[in-house]
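A short write-up of the structure that comes next.
Order of the sequence lines sets the chain letters (A, B, ...), proteins ahead of strands, with each chain counted from 1.
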Amino acid sequence: MSNQVLPLLGQVADTISQAIAAAHPELAGSDPVVRRSDHADFQSNAALALAKHARTNPLELAESLTAALDRHEHDPIAHVELSGPGFLNLTVPDHAIWGQLAARLASPRLGVGAPDEGLRTVIDYSAPNIAKEMHVGHLRTTIIGDNLARVLGFLGSEVIRQNHLGDWGTQFGMLIQYLDEHPETTWHHNELEPGNSAVAALDDVYKQAKAAFDADPDFAERSRNRVVALQSGDPTTIARWKEIVAESEKAFRDIYDRLGVLLTPEDSVGESFYNPLLTDAITELSDTGIAVESDGALVIFSEEVTGPDGTPAPLMVRKRDGGYGYDTTDLATIRYRIRDLKAHRLLYVTDSRQALHFQMIFEAARRAGWLTDGIEAAHIPYGTVLGPDGRPFKTRSGDTVRLMDLLDDAVARARTVVSEKNPDLPDDELNHIAEQAGIGAVKYADLSASRAKDYVFDIDRMVSFNGNTGVYLQYAHTRIRSILRKAGDPDAAIDPSVELQPAERALALELDAYGSALVEVGATLEPHKLCGYLYNLARDFTTFYEACHVLGAEEPLRTNRLALCRLTARTLQHGLGLLGISAPERM
RNA sequence: GCCCUCGUAGCUCAGACGGACAGAGCAAGAGACUUCUAAUCUCUAGGUCGCAGGUUCGAAUCCUGCCGGGGGCGCCA
């Protein structure tokens, strides 16, 4: 905890708050409205915002604040300048900026605190279907969810990842029956040619089974019986089902490894996990009168949402045939996560089309008394990945795009671009860099646009070395590492008496704001804000790089500039790490 | 019908707890390599912030109403 470094902006804001309280006691506690400024290091707009309450005009209030600031020595503020209709332009002393850098460099956490300590967050993301290939539809949930897991974890929250696998349903009856009747079918990963996955094979088997189901009434009947066997726990059927789940999870693991996401088999808590918990949840909903009979089904009528005919929209707790759908599972799930996992914060990372569904689930959980005021439940919606034609991304033949194919394409494209620019790279290094750049490009493209919007999957743009791309950030990192390698000496002390150049100042102030950027991501759950921060940081570094030579500088300037380089490199690497993107030494 | 979401430069997008001239990248034009990786940088040009009202000293930002795109609303998740 002693590692935490309060950002200068926060220190300045505290000082302005004190000035407000001193000059106008009745305004004590007001927001000091301190922001970064184009006209100084920071600016406070408090005078404009508060003039009304103080029954004075902004200029007068600003003058009284300036006077209050002048009355004492206020450490983080060196100069105050009144400007325009009442802006306070605030400059901090150079030594304070160098001090921040030194303190952050000395901290393994870059001086970032852990404000979420003591909170427990459940994040539901990825959730592919067993026996089906992961496709482009799983990209955003997996990448966004993983980033949030990392950021919230770093901010101190205890993060429980939940991969809500689609591992249950009537389709498994058909699949298992078909495999049973066609023992010659090869689908285990160790029976397949390299490069083929068990889920790809199972996907094919499913299609064949479906065809047989539709064509052969006897097979359809046997499949239905198999569903009953599965649901009633027939040992042979369950064993085969478990085998299918295990093989599928192995294939998912391959994708997760390649993508560099945190999900492990321990995070897998599929739909089937909730089977034994459904009746309890239903009984409770029914006993409290929240769930009611309707046309032979058990439903919860929403008090917030209506259907097309204007009547309350229902959640289907139990179908007329006695079966359960996803509404039931999701109700049991939220109950479990609150009661058993004791989460303070529940996040569901799924596409925006499910917004209404989650609104109704949360409403029901609130009415059931599960979701109480101290607990936050949030759907984290995101837009659709579009193809070049602006329609939801499909292959030319209209099929869904396999995630592995998409990653292969991105890596291949990155490889082409890298080898064009750097033809002398040995093959193994080129392949390694291409993998890092290609995967990073896909993830960064997904995370850097606002979550809520659709975006077009454009590989050429993603692997561009210019603009707001993952590759640009990786490259910025390699340039800094190159300087540091050449500099050799790792750790000389900063001399705080050195005067800062404008480019150094801008870079240093941006570095000081890293923790604030992360806190904002944690609050808004919008990863693109971290991307935006890192992109700004990289641009600030590039400006510094152009304006201020490092290795050729005289001491103590050289040491101070190396410190700027070190902290920038570490911040970029750390930030990319939170995005789940690697920061290579060379490109 | 109701609800959600998006609409900012030719293109792709930032900026939204009200604040100084609305910012990047791409594309276009002009420059800069004996210099720590030119995979870069500098400059120029380019915008009725969908439209119309309202609140305010001040609105891309808040409120209301429209227009347009996308999505959702009982037994698939």
*If you pin A:Gly84 and A:Gly307 to their nearest nucleotides in RNA chain B, which one's is more 5'?*
A:Gly307
*Salt bridge between A:Asp460 and A:Arg413, side-chain N to carboxylate O under 4.0 Å?*
yes
*Identify whether any heavy atom of A:Gln359 sits under 4.0 Å from a base atom; if not, whether one sits that close to sugar-phosphate; answer base, sugar-phosphate or nothing.*
nothing
*Any Lys/Arg nitrogen of A:Asp124 or A:Arg337 sitting under 4.0 Å from an Asp/Glu carboxylate oxygen of the other?*
yes
*For the pair made of CD1 in A:Ile130 and P in B:C76, what is the distance, rounded to whole Å?*
21 Å
*Measure the distance from OH on A:Tyr533 to C1' on B:A24 and round it to the nearest whole Å.*
17 Å
*Look at A:Arg353 together with A:Asp351 and state whether they make a salt bridge at an N to O cut-off of under 4.0 Å.*
yes
*Distance below 4.0 Å between A:Arg539 side-chain N/O and B:G25 OP1 or OP2*: yes
*Provide the Watson-Crick or G-U wobble partner of B:A32, both distances under 3.5 Å; none if there is no partner.*
B:U40
*Who are the salt bridge (charged side-chain N to carboxylate O under 4.0 Å, His left out) partners of A:Glu304, not counting sequence neighbours?*
A:Arg366
*Are A:Arg485 and A:Glu585 ion-paired here, with the side-chain N under 4.0 Å from a carboxylate O?*
yes
*When the ring planes of A:Phe358 and A:Tyr348 are compared, do they come out parallel, tilted or perpendicular, using 30° and 60° as the limits?*
tilted
*Using a heavy-atom cut-off of under 4.0 Å over every strand shown, decide if A:Ala127 touches base, sugar-phosphate, or nothing.*
nothing
_Taking syn as a glycosidic torsion within 90° of 0 and anything else as anti, which one is B:G74?_
syn
*Have a look at A:Lys529 and say if it touches a base, only the backbone sugar-phosphate, or nothing, with a 4.0 Å heavy-atom cut-off.*
sugar-phosphate
*Counting side-chain heavy atoms from CB outward, which of B:G19, B:G25, B:G72 is closest to A:Arg353?*
B:G72
*So what does A:His528 hit on the nucleic acid, given a heavy-atom distance under 4.0 Å: a base, only sugar-phosphate, or nothing?*
sugar-phosphate
*Given B:C41, is OP1 or OP2 found less than 4.0 Å from the side-chain N or O atoms of A:Tyr472?*
yes
*Strand partner of B:G10, provided both Watson-Crick or wobble distances fall under 3.5 Å*: B:C26
*Same-atom distance (P) from B:C3 to B:C63, integer angstrom*: 15 Å
*Identify whether a stacking contact exists between A:Phe87 and B:A20, where the ring centres must be under 5.5 Å apart and the planes under 30° apart.*
yes
Between the protein and nucleotides 35-38 of chain B, list every N/O to N/O distance that falls short of 3.5 Å.
{"unit_1": "B:U35", "atom_1": "O2", "unit_2": "A:His549", "atom_2": "NE2", "d": "3.1"}
{"unit_1": "B:C36", "atom_1": "O3'", "unit_2": "A:Lys486", "atom_2": "NZ", "d": "3.0"}
{"unit_1": "B:C36", "atom_1": "O2", "unit_2": "A:Val550", "atom_2": "N", "d": "3.4"}
{"unit_1": "B:C36", "atom_1": "O2", "unit_2": "A:Leu551", "atom_2": "N", "d": "3.0"}
{"unit_1": "B:C36", "atom_1": "N3", "unit_2": "A:Val550", "atom_2": "N", "d": "3.1"}
{"unit_1": "B:C36", "atom_1": "N4", "unit_2": "A:Tyr545", "atom_2": "O", "d": "2.3"}
{"unit_1": "B:C36", "atom_1": "N4", "unit_2": "A:Cys548", "atom_2": "O", "d": "3.1"}
{"unit_1": "B:U37", "atom_1": "OP1", "unit_2": "A:Ser482", "atom_2": "OG", "d": "2.5"}
{"unit_1": "B:U37", "atom_1": "OP2", "unit_2": "A:Ser482", "atom_2": "OG", "d": "3.4"}
{"unit_1": "B:U37", "atom_1": "OP2", "unit_2": "A:Lys486", "atom_2": "NZ", "d": "2.6"}
{"unit_1": "B:U37", "atom_1": "O2'", "unit_2": "A:Tyr475", "atom_2": "OH", "d": "2.2"}
{"unit_1": "B:A38", "atom_1": "OP2", "unit_2": "A:Arg479", "atom_2": "NH2", "d": "3.4"}

_By the 4.0 Å heavy-atom rule, please label A:Glu304 as base, sugar-phosphate, or nothing._
nothing
*Quick one: does NZ or CZ of A:Lys132 land under 6.0 Å from the six-membered ring centre of A:Tyr206, within 45 degrees of the ring axis?*
yes
